[in-house]
Amino acid sequence: MSEPAMDREVRRRLAVLRHVEEVTGNVAMTCRYFGISRPTYYTWLRRYETEGVDGLRERSRRPRTGPAATRAEVVEKIIHLRQRYRFGPDNIRMYLERYYDIQISKSGVWRILKRLGMVRLPASQRYKRHDRRWKRYEKQRPGHHVADRRQFRRTPARRAWHPGGETGWQVREVLPVHRDR
């Protein structure tokens, strides 16, 4: 909630408390008029009496403890397996179950990875199929050029048969492209 909206809510709650004291003197009628329950009114009154105006501010509804939360050691193992071996949630679950006897669901592992911002691996670490992997092309001596085109010539039965034009099948041989051509 933004600061002006929070101040507006504090002023509204303070107005409810003052309405009982100054106008009606009746809690039930005031609660009915403002559309709140009596336990809510008494909660605000108790906080106002103990903490003052700051007690009327909106409080977090988040639980203070999480008894069913995943243990820190398990989270550390999940992080280690993700960073070191680049395992996905299913492999991490299987590995923890097999080698550490830890039962955790695949979706539980995914939620932990998502909370830590580790759902997607960097592009350099993602799995790539063998036919789509980048291969480094390096030659032994500098100046060796790689041609991206091929020149063909007819030869008498040397390499392989390829479909030809109007003559049917013909034999072709791939020639290297030299720098002086």
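- Under the 30°/60° scheme for interplanar angles, the aromatic rings of Tyr95 and Phe87 are found to be tilted.
- A distance of 8.5 Å separates CD1 of Ile78 from CG of Leu116, quoted to the nearest 0.5 Å.
- A chain of hydrophobic side-chain contacts below 4.5 Å, direct or via other Ile, Leu, Val, Met, Phe, Trp or Tyr residues, connects Val20 to Leu14.
- Counting only heavy atoms from C-beta outward, the side chains of Val27 and Tyr42 approach each other to under 4.5 Å.
- In this structure Ser105 satisfies the side-chain hydrogen bond (donor to acceptor under 3.5 Å, both in side chains) test together with Ser107, sequence neighbours excluded.
- When every heavy atom of Leu113 is checked against every heavy atom of Pro89, the shortest pair comes out as CD1-CG, 4.3 Å.
- Between the CZ atom in Arg120 and the NZ atom in Lys114 there is a gap of 13.5 Å [rounded to 0.5 Å].
- Put simply, Met29 and Trp44 are part of two different groups of oily side chains (I, L, V, M, F, W, Y) that touch within less than 4.5 Å, one to the next.
- Between the side chain of Arg82 and the main chain of Met118, a donor-acceptor pair closer than 3.5 Å is present.
- With values rounded to the nearest 0.5 angstrom, Leu56 atom CG is found 12.5 Å from Arg11 atom CZ.
- The side chain to side chain donor-acceptor pair (under 3.5 Å) pairs that include a residue from residues 65-77 are Arg71-Glu73, where partners are two or more places apart or lie in different chains.
- Two different hydrophobic clusters hold Met94 and Tyr85 under the rule that ILVMFWY side chains link at heavy-atom gaps under 4.5 Å.
- For the side chain to side chain contact (heavy atoms under 4.5 Å, CB included) with Ile112, the qualifying choice from Val74, Val75, Val119, Ile79 is Val75, the only one to do so.
- The distance from the CG atom of Asp54 to the CZ atom of Arg59 is 10.0 Å, given to the nearest 0.5 Å.
- Nearest heavy-atom pair, Leu121 versus Arg86, reported as atom, atom and distance to 0.1 Å: CD1-CB, 3.9 Å.
- Under a 4.0 Å N-O distance rule, the pair Arg46/Glu49 does not qualify as a salt bridge.
- To the nearest 0.5 angstrom, Leu17 atom CG is 12.0 Å from His19 atom NE2.
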